[in-house]
Amino acid sequence: MAISAALGALILVTWLAYQPALPGFFLFDDFDNLGALQVAQVQDLGSIDDYLSAANAGPSGRPISKLSFLIDDNAWPSAPGGFKRTNLLIHLLIGVLLFATGRRILARFYPPGATDWLALTAAAVWLLHPLQVSTVMYVVQRMTQLSALFVTLGVLTHLWLRLRSQRQSAATLVLLTLSVASFTLLATYSKENGVLLPVYLLVLEYTVLVGLPTDRLLLWWRRAFLILPSVALIAYLAYWPHWQSSYSTRDFSLGERLLTEPVVLVDYLSHLVSFRVVGLGLFQDDYPIYSSLFSPAVSASLLLLGVALAVALVAHRRWPLLSLGILWFLAGHLLESTTVPLEIYFEHRNYLAVFGPILAAAALIYSGLGRLSGDLRKVAPAIAVGFIAMSALTTWGYAADWGLRERLLPIWAAEHPNSPRAQRTYAVTLAEFGEHAAALDALDTAYRRFPKDLSIPLLSIDISCRFAQPVRYDLTELARRVEDHVWTDALRPAIKTLSDGILNNHCRPKTAELHAFIRRLLDLPSGELRRSGLAAFMVLSGELYLREHDADGALRAFHTVDILVPSADSALRIASVYLLVQDYPRGLAAIELAQSRALAGNPWRRAGIQAEFAGAIERIESLQATKQGAAGPDAPSPPGTRP
């Protein structure tokens with residue numbers, strides 16, 4: 001009864017600690033993912049399919065996570081409070097499941113009383129650690145949460161099936177198979193790191209379950225469903241040629257990432273141990289990139305992690321909980337902190353990964369106090385309460401920052417002066433709160449610090465137009481100096497924002513200059529060239545031409561897109577313009593080209609694709625016949641049909 005009351009109190013404390021952050025605000029990827037609700041307001045099954053297809057949410061599409069957003073709203077724009085509240089409820093549910101997981105693990109090593117309280121302590125530190133705030137309060141990271149939820153359910157089910165009897169029957173092995181398969185699938189369709197469930201289970205088998213009786217059937221099951229998937233994943237991550245070529249869009253190489261990530265992992269652990277919030281947040285693009293194995297930070301981090309890994313592998317029978325803590329943490333980072341060309345640093349990668357070290361630390365501290373003195377073990381509850389209280393207060397204070405945009409973003413900008421993203425976002429915040437001149441001054445300072453980042457002066461032009469301020473940068477001059485800059489991820493959003501400003505009549509006089517500027521982007525240094533990015537710019541230019549009723553300009557832009565990145569979509573854009581000006585023969589040819597490309601890319605959907613295009617082709621042929629019948633064979637071609 002006491003442990004149940006304590007668990008209830010922990011849930012209440014966690015709920016209260018996060019309350020200041022719940023009003024909150026949307027950030028960055030929230031707009032990309034939740035904005036799909038604006039494309040397809042969900043009212044029925046058909047609109048659900050449109051919604052799930054509307055945004056690129058990763059290789060799996062993450063349909064479970066995207067469907068979960070419908071709990072809070074089915075349209076966009078929306079209010080952030082409901083989304084954040086649901087994230088917090090999921091966080092609490094995972095905390096309860098981790099408490100149950102910890103109990104089952106620790107029951108193999110401690111008596112029931114100690115097991116319950118140690119598991120509760122670990123769950124409390126996990127729930128209340130400030131390192132978790134950005135995952136819980138950044139709405140789009142519900143994807144990370146749901147993946148962690150299904151992985152935890154898979155781990156808990158595996159433990160229950162493995163520990164309920166000494167012998168594993170065929171029925172139990174069937175249940176183990178169904179469990180690992182179904183929860184891996186659910187976790188992966190929430191976010192791709194759900195594929196790590198077999199790795200987590202292998203860690204459990206290698207450490208805390210290593211002493212259980214193992215017959216030949218179970219041994220083969222483990223090889224087929226845990227070892228083989230884990231080896232396959234590692235082989236996929238280790239396929240150097242694939243990853244080497246995928247780094248062309250990053251400002252760091254594969255080798256630099258592999259040298260930097262050990263330093264990042266140690267940094268994560270330092271935040272875990274110290275409970276400090278300074279330096280946390282979403283702006284980590286200023287994190288130092290290491291290119292030498294002999295850099296002190298790289299050498300020290302590799303040595304620390306290498307020794308820890310060696311201890312975990314060698315002493316997994318003697319110190320299974322210590323081994324669990326080390327291997328669980330490394331397993332949690334196997335996908336996102338190795339060869340995949342993701343951002344260097346993100347706190348949400350620790351969300352589930354830190355539970356292993358927390359559980360191991362709670363158990364080792366308790367055992368260590370007992371070894372030193374029986375009396376010292378009596379102070380363990382006081383130590384646990386102290387850690388939990390410190391976590392709760394720190395998280396409550398950090399959550400208060402997350403509750404106010406005008407409070408959080410200036411803090412991040414001050415803590416990350418070398419982050420272009422932090423400085424740009426800070427300037428936008430200043431502008432939206434009426435500090436227009438200060439926003440432009442901040443961008444001037446940022447451009448002096450990052451003179452190769454074209455997005456900064458573009459953002460300055462947009463703010464000047466929107467808020468009727470003197471324009472400090474000339475688009476024509478920037479176009480002339482394009483080669484002095486490099487490709488950045490912020491360039492496309494900056495051009496999109498400026499284009500939207502023109503469409504909304506904020507920056508209408510800049511239309512011709514923006515078209516010329518986008519064309520000049522084709523001259524960016526070849527090392528920085530990214531064809532898909534340039535194609536995206538030309539799409540914006542084409543859409544802007546269409547809003548200006550300039551079919552010729554739109555066709556030029558869309559044909560450039562088709563040259564850069566030929567696809568079914570690029571052909572459909574061209575077709576739409578031809579149909580708009582009633583040039584049905586060319587429109588029909590473009591539609592047929594789009595169909596052939598779609599068939600080439602998805603041959604297994606041949607019948608479905610042909611059915612999708614059949615109606616459009618039939619309508620165009622009908623329109624063409626109607627037009628020819630009404631105008632006669634000698635009718636002149638419509639305007640605006642030059643390719």
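Bear in mind that the values here come from a model prediction, so they are computed numbers and not experimental data.
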Quick one: pull up [atom1] in [X] and [atom2] in [Y] and give me the separation to the nearest 0.5 Å.
{"X": "L335", "Y": "K191", "atom1": "CG", "atom2": "NZ", "value": "9.0 Å"}
{"X": "L259", "Y": "L302", "atom1": "CG", "atom2": "CG", "value": "7.5 Å"}
{"X": "F225", "Y": "L173", "atom1": "CZ", "atom2": "CG", "value": "9.0 Å"}
{"X": "L352", "Y": "L149", "atom1": "CG", "atom2": "CG", "value": "10.0 Å"}
{"X": "S323", "Y": "R317", "atom1": "OG", "atom2": "CZ", "value": "11.0 Å"}
{"X": "T121", "Y": "W126", "atom1": "OG1", "atom2": "CH2", "value": "15.5 Å"}

Under 3.5 Å donor-acceptor, [X] side chain and [Y] backbone:
{"X": "Q284", "Y": "G279", "answer": "yes"}
{"X": "T152", "Y": "L98", "answer": "no"}
{"X": "T395", "Y": "A392", "answer": "no"}
{"X": "D116", "Y": "G113", "answer": "no"}
{"X": "T338", "Y": "L334", "answer": "yes"}
{"X": "D401", "Y": "L408", "answer": "no"}
{"X": "H416", "Y": "F283", "answer": "yes"}
{"X": "R257", "Y": "I289", "answer": "no"}
{"X": "T394", "Y": "P130", "answer": "no"}
{"X": "S147", "Y": "M143", "answer": "no"}

So which heavy atom on [X] is nearest to which on [Y], and how close?
{"X": "S65", "Y": "S190", "value": "OG-O, 2.8 Å"}
{"X": "P198", "Y": "V180", "value": "CG-CG2, 4.3 Å"}
{"X": "L163", "Y": "R108", "value": "CD2-CD, 3.8 Å"}
{"X": "L305", "Y": "V266", "value": "CG-CG2, 4.3 Å"}
{"X": "A21", "Y": "M137", "value": "CB-SD, 3.5 Å"}
{"X": "I358", "Y": "A122", "value": "CG2-O, 3.5 Å"}

Side-chain donor-acceptor contact under 3.5 Å, [X] with [Y]:
{"X": "S291", "Y": "E256", "result": "no"}
{"X": "T135", "Y": "Q141", "result": "no"}
{"X": "S270", "Y": "R276", "result": "yes"}
{"X": "D73", "Y": "S78", "result": "yes"}
{"X": "T172", "Y": "S169", "result": "yes"}
{"X": "Y110", "Y": "S367", "result": "yes"}
{"X": "H333", "Y": "N350", "result": "yes"}

With a sphere of 6.0 Å drawn around [atom1] of [X], does it hold more than 12 non-hydrogen atoms of other residues, nucleotides or ligands?
{"X": "Y268", "atom1": "OH", "answer": "yes"}
{"X": "W412", "atom1": "CH2", "answer": "yes"}
{"X": "Y206", "atom1": "OH", "answer": "yes"}

Minimum side-chain heavy-atom gap [X]-[Y] below 4.5 Å:
{"X": "T14", "Y": "I11", "result": "no"}
{"X": "R250", "Y": "E343", "result": "yes"}
{"X": "T115", "Y": "I105", "result": "no"}
{"X": "V174", "Y": "T177", "result": "no"}
{"X": "L88", "Y": "Q19", "result": "yes"}
{"X": "F28", "Y": "Y138", "result": "yes"}
{"X": "L265", "Y": "L269", "result": "no"}
{"X": "L233", "Y": "L237", "result": "yes"}

Specify whether [X] and [Y] have parallel, tilted or perpendicular ring planes, treating 30° as the upper limit for parallel and 60° as the lower limit for perpendicular.
{"X": "W328", "Y": "Y200", "answer": "tilted"}
{"X": "H91", "Y": "Y351", "answer": "tilted"}
{"X": "F25", "Y": "W402", "answer": "parallel"}

Query raised in the report: What's the verdict on ring pair (Phe, Tyr, Trp, His ring centres under 6.0 Å) for F329 and F355, showing C-alpha distance, side-chain angles and the deciding distance?
Result: CA-CA 8 Å; F329 178 77; F355 179 70; over 10 Å; no
Query raised in the report: If you measure from the Lys or Arg side-chain nitrogens to the Asp or Glu carboxylate oxygens, is any gap between D72 and R142 under 4.0 Å?
Result: yes
Requested in this report: With side-chain contact (heavy atoms from CB on, under 4.5 Å) as the test, would you mind laying out the steps for L342 and R349 before giving the verdict?
Outcome: CA-CA 11 Å; L342 304 171; R349 295 170 186 167; 3.5 Å; yes
Query raised in the report: How about H129 and F275: are their ring centres within less than 6.0 Å of each other?
Result: yes
Query raised in the report: Is R164 positioned over the aromatic face of W160, cation under 6.0 angstrom from the ring centre and no more than 45 degrees off axis?
Result: yes
Query raised in the report: Do L212 and R162 pass the side-chain contact (heavy atoms from CB on, under 4.5 Å) test, and can you show the C-alpha distance, the side-chain angles, and the key distance before you say yes or no?
Result: CA-CA 9 Å; L212 293 179; R162 288 282 282 118; 3.9 Å; yes
Query - side-chain contact (heavy atoms from CB on, under 4.5 Å) between I64 and L67, intermediate numbers included - result: CA-CA 5 Å; I64 294 174; L67 287 173; 5.7 Å; no
Requested in this report: Carefully, step by step, assess L196 and V151 under the rule side-chain contact (heavy atoms from CB on, under 4.5 Å).
Outcome: CA-CA 8 Å; L196 293 175; V151 168; 5.9 Å; no
